[in-house]
Amino acid sequence: MAPSIASLSALALAGLPLALGQFVKAPTNWTHATGYSDIQVRYKEVPTGTCELNSSVKSYSGYLDVDTDEHYFFWFFEARNQNPKDAPLTVWINGGPGSSSMIGLFQELGPCRIDENGTVVNNPYSWSESSNMIFIDQPTQVGFSYSIPVPGYTDANSGSIVTLPNATCPEYAQGCGTYSYPNETLTANTTAGVAPNFWKGLQGFMGAFPQYSRHEFNFATESYGGHFSPLINQYIEKQNELIAKKQLPKAHHINLKTALIGNGWYDPLIQYQAYYNFTVFPGNTYDYKPFNESISAMMYNALYGPGNCVDMTKECYASGRNDVCSFADNFCANNVEEVLDIYALRDEYDIRELSPDPFPSTFYVDYLNSPTVQEAIGAYVNFSESNSAVSSAFGSTGDDDRESGTIEALKTLVSDDITVVLYAGDADYNCNWLGGEVVAGEVNAPGFSSAGYTNVTSSDNIVHAQVKQSGKFSFVRIFESGHEVPFYQPLMSLEMFDRAINGKDIATGRRTVKGGYKTTGSAKSTYREGNSTVQFEVVNATATYNTTSNEPDPISAKKSFKAANKRRLFKPAKRVVDLTS
Ligand SMILES: *[C@@H]1O[C@H](CO)[C@@H](O)[C@H](O)[C@H]1NC(C)=O
Ligand SMILES: *[C@@H]1O[C@H](CO)[C@@H](O)[C@H](O)[C@H]1NC(C)=O
Ligand SMILES: *[C@@H]1O[C@H](CO)[C@@H](O)[C@H](O)[C@H]1NC(C)=O
Ligand SMILES: *[C@@H]1O[C@H](CO)[C@@H](O)[C@H](O)[C@H]1NC(C)=O
Ligand SMILES: *[C@@H]1O[C@H](CO)[C@@H](O)[C@H](O)[C@H]1NC(C)=O
Ligand SMILES: *[C@@H]1O[C@H](CO)[C@@H](O)[C@H](O)[C@H]1NC(C)=O
Ligand SMILES: *[C@@H]1O[C@H](CO)[C@@H](O)[C@H](O)[C@H]1NC(C)=O
Ligand SMILES: *[C@@H]1O[C@H](CO)[C@@H](O)[C@H](O)[C@H]1NC(C)=O
Ligand SMILES: *[C@@H]1O[C@H](CO)[C@@H](O)[C@H](O)[C@H]1NC(C)=O
Ligand SMILES: *[C@@H]1O[C@H](CO)[C@@H](O)[C@H](O)[C@H]1NC(C)=O
Ligand SMILES: *[C@@H]1O[C@H](CO)[C@@H](O)[C@H](O)[C@H]1NC(C)=O
Ligand SMILES: *[C@@H]1O[C@H](CO)[C@@H](O)[C@H](O)[C@H]1NC(C)=O
């Protein structure tokens with residue numbers, strides 16, 4: 001399995017003292033609570049200034065003990081500008097598998113960002129403007145979640161954790177610290193496998209904090225969340241049925257209302273093909289063609305040639321065998337997906353940028369590895385954005401190459417009258433909108449095939465997106481946006497989120513959506529950005545991104561160096577959002 005670039009970022013930043021030799025003192029002074037379904041919860045109130053800057057808005061973090069040696073980290077923020085006891089509750093998780101949800105919290109839609117000097121900066125477009133927000137690191141070992149905290153170091157070649165006998169950093173080791181014991185048994189290895197513990201985690205939180213879960217529950221995610229969300233939410237609905245039949249006496253009904261998925265990875269058979277569509281034909285909307293005829297033909301053959309990616313993936317679907325699916329996935333990743341990385345030297349998560357792409361910045365990683373912050377939030381382990389034990393556990397079952405029932409599960413959610421929003425930043429190649437659009441059609445929500453694309457209005461009077469919606473199901477194409485949409489289009493993302501969770505139409509936010517609602521417009525979304533925001537030189541690592549011009553800020557963007565004409569040292573972990581190091 002590919003080593004994760006993200007977990008190596010601590011090494012890239014080895015000059016920073018706080019990333020090194022840091023063993024975490026076990027946190028104390030927990031408040032203990034027993035949640036629903038007898039799930040034990042340990043938490044602390046997080047002091048003002050550790051992310052949330054407003055002292056009237058409370059924040060809590062801690063652990064949900066979902067199983068023996070399986071502890072899920074959570075960080076909760078009250079809704080702003082309203083009584084949080086009257087607000088809905090929304091969970092956000094990132095994908096990977098193996099990516100920490102701190103990515104979403106600090107780079108996308110949480111209450112704060114961390115700047116180049118490690119300073120906490122308020123995010124006025126935080127989704128906590130509209131809802132109570134909980135961020136959960138899952139499955140076990142991801143981010144601050146842990147199995148057993150052990151001393152260890154990060155192996156420079158593989159990016160995996162090597163344990164040490166005690167909290168002394170030997171001379172040969174780099175990136176020493178306290179980590180979650182990397183045991184592939186103490187985590188999940190499939191999409192379906194994450195659902196039971198996730199549900200238990202929610203039971204724990206909702207029982208420990210009933211004041212924040214009195215109203216509706218929403219589920220928001222991105223990327224590999226296209227796998228996680230449909231199956232977890234289907235599981236929540238099934239548990240609700242058991243609760244209604246009084247078969248789970250200690251469990252709490254979770255009032256699921258909305259599911260939002262950004263640039264999701266749903267159906268690899270469709271989405272591996274979409275890499276060709278996005279780069280070659282019909283192409284992306286940035287008038288940017290990364291490959292010449294020869295490379296285009298090579299990619300086409302790797303997909304459609306006899307016994308190649310499409311055939312292998314079909315065999316994975318038909319056989320369901322771990323070895324077949326793993327082999328297929330590695331083949332498709334190396335020979336189809338990574339053609340962009342290898343021959344165009346571009347960022348899979350934003351086709352407009354060459355690699356290394358400085359956006360979104362990763363300054364928050366050092367922030368989360370500072371002893372002060374770790375003490376404030378009660379962390380047991382050091383922070384890494386991506387966990388290699390989890391990605392290799394999933395790699396061993398070939399989960400990435402499986403459809404895993406995601407489309408069927410989305411259909412169930414639609415028929416259960418849940419609001420489902422599939423949205424996609426249209427500059428992302430990794431889980432690109434052309435594939436997402438085909439998946440949205442496959443869900444076949446009533447009336448969707450005859451709905452049309454219409455412009456989404458926004459309070460800044462700029463059209464940032466187009467939506468096709470029928471009833472409570474919608475597909476949203478977001479302009480000038482990479483994979484992590486709320487980073488690139490913060491205002492539009494918050495308004496979309498607010499409209500969705502309040503049952504309003506995505507296009508205007510002015511209508512309450514009922515069964516017969518349908519957007520009108522063209523069958524295809526034809527707007528083209530053109531290539532004015534496409535970068536042809538690598539952008540300086542300290543540059544900032546301007547969400548008005550949709551480009552690096554001119555002063556900060558002083559070009560640093562030309563894209564090196566060589567393959568990057570480490571293969572990117574798939575669907576892991578941080579590849580910027
Ligand atoms: C322990 O937690 C309580 C309640 O959250 C707090 O009032 C107290 O100051 C904390 N004590 C220490 C030593 O941190
Ligand atoms: C802080 O939060 C409170 C409660 O939500 C709100 O009334 C107040 O306006 C906020 N203050 C600032 C400076 O945003
Ligand atoms: C970071 O600190 C340096 C030195 O004080 C300052 O010049 C720079 O403007 C700061 N950056 C930000 C984003 O505030
Ligand atoms: C810690 O482990 C090292 C071996 O890595 C050993 O040499 C050292 O004596 C141990 N230190 C303590 C305090 O046990
Ligand atoms: C991993 O955890 C399982 C379950 O606790 C345990 O049985 C197994 O021995 C562990 N494996 C290793 C290598 O420690
Ligand atoms: C890719 O393009 C082909 C040919 O136009 C089309 O049949 C297929 O549906 C497209 N697939 C995706 C995922 O866009
Ligand atoms: C096509 O691009 C590849 C990779 O950049 C290069 O090696 C090859 O020479 C190009 N072929 C032509 C015909 O330009
Ligand atoms: C995946 O996890 C399940 C449940 O823990 C285990 O039975 C199975 O052997 C694992 N599969 C692989 C390929 O490791
Ligand atoms: C939709 O927005 C695009 C992009 O701003 C614009 O070119 C187009 O005219 C708009 N269409 C309508 C019907 O308003
Ligand atoms: C940008 O697009 C224009 C118009 O489509 C085209 O003429 C030009 O060659 C493109 N520039 C680059 C660098 O691809
Ligand atoms: C961001 O872009 C807008 C529009 O081009 C421009 O007016 C503004 O000055 C830019 N901001 C910075 C900080 O460069
Ligand atoms: C990146 O930008 C900073 C400030 O904007 C500048 O000091 C630095 O020299 C630039 N780095 C490179 C490699 O151009």
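Atoms within each ligand, like the ligands themselves, are counted from 1 in listed order.
Using modelled atom types and a 3.5 Å distance limit, the side chains of Gln489 and His464 yield a donor-acceptor pair. For the residue pair Ser396 / Glu184, no side-chain donor-acceptor distance below 3.5 Å is found, with atom types taken as modelled.
Among the candidates Phe74, Tyr43, Phe77, the single residue satisfying the ring-ring contact (aromatic ring centres under 6.0 Å, His included) test with Tyr60 is Tyr43.
A salt bridge links Glu52 with Arg80: the distance from a Lys NZ or Arg NE/NH1/NH2 to an Asp or Glu carboxylate oxygen falls below 4.0 Å.
Lys25 pairs by the salt bridge (charged side-chain N to carboxylate O under 4.0 Å, His left out) definition with nothing, not counting sequence neighbours. Judged as a salt bridge (charged side-chain N to carboxylate O under 4.0 Å, His left out), and not counting sequence neighbours, the contacts of Glu495 are Arg499.
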Assess the residue pair Ser55 and Thr48 against the criterion (side-chain hydrogen bond (donor to acceptor under 3.5 Å, both in side chains)); give the C-alpha distance rounded to whole Å, side-chain angles, the decisive distance to 0.1 Å, and a yes or no. CA-CA 5 Å; Ser55 60; Thr48 300; 5.1 Å; no

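Heavy atoms of Thr68 found under 4.0 angstrom from ligand 5: none, in either backbone or side chain.
Residue contact check for ligand 4: Pro165 places a non-hydrogen atom closer than 4.0 Å to it. At least one heavy atom of Leu186 sits under 4.0 Å from some atom of ligand 5.
Listed by first and then second residue, the salt bridge (charged side-chain N to carboxylate O under 4.0 Å, His left out) pairs that reach into residues 58-71 are Arg42-Asp65, sequence neighbours excluded.
Of all atoms in ligand 5, listed by their number and element, those nearer than 4.0 Å to a heavy atom of Tyr181 are 12 (C), 13 (C), 14 (O). Numbered from 1 in the order shown, with element, the atoms of ligand 5 that lie under 4.0 Å from a heavy atom of Asn183 read 1 (C), 2 (O), 3 (C), 8 (C), 10 (C), 11 (N), 12 (C), 14 (O).
For ligand 4, none of its N or O atoms has an N or O atom of Tyr172 under 3.5 Å away.
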Give me the pairs of N or O atoms, one from ligand 3 and one from the protein, that sit under 3.5 Å apart.
from	atom 1	to	atom 2	distance (Å)
ligand 3	2 (O)	Asn117	OD1	3.1
ligand 3	2 (O)	Asn117	ND2	2.3
ligand 3	11 (N)	Glu116	OE2	3.1
ligand 3	11 (N)	Asn117	ND2	2.9

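Crowding of Phe327 atom CZ: a count of heavy atoms from other residues, nucleotides or ligands under 6.0 Å not exceeding 12.
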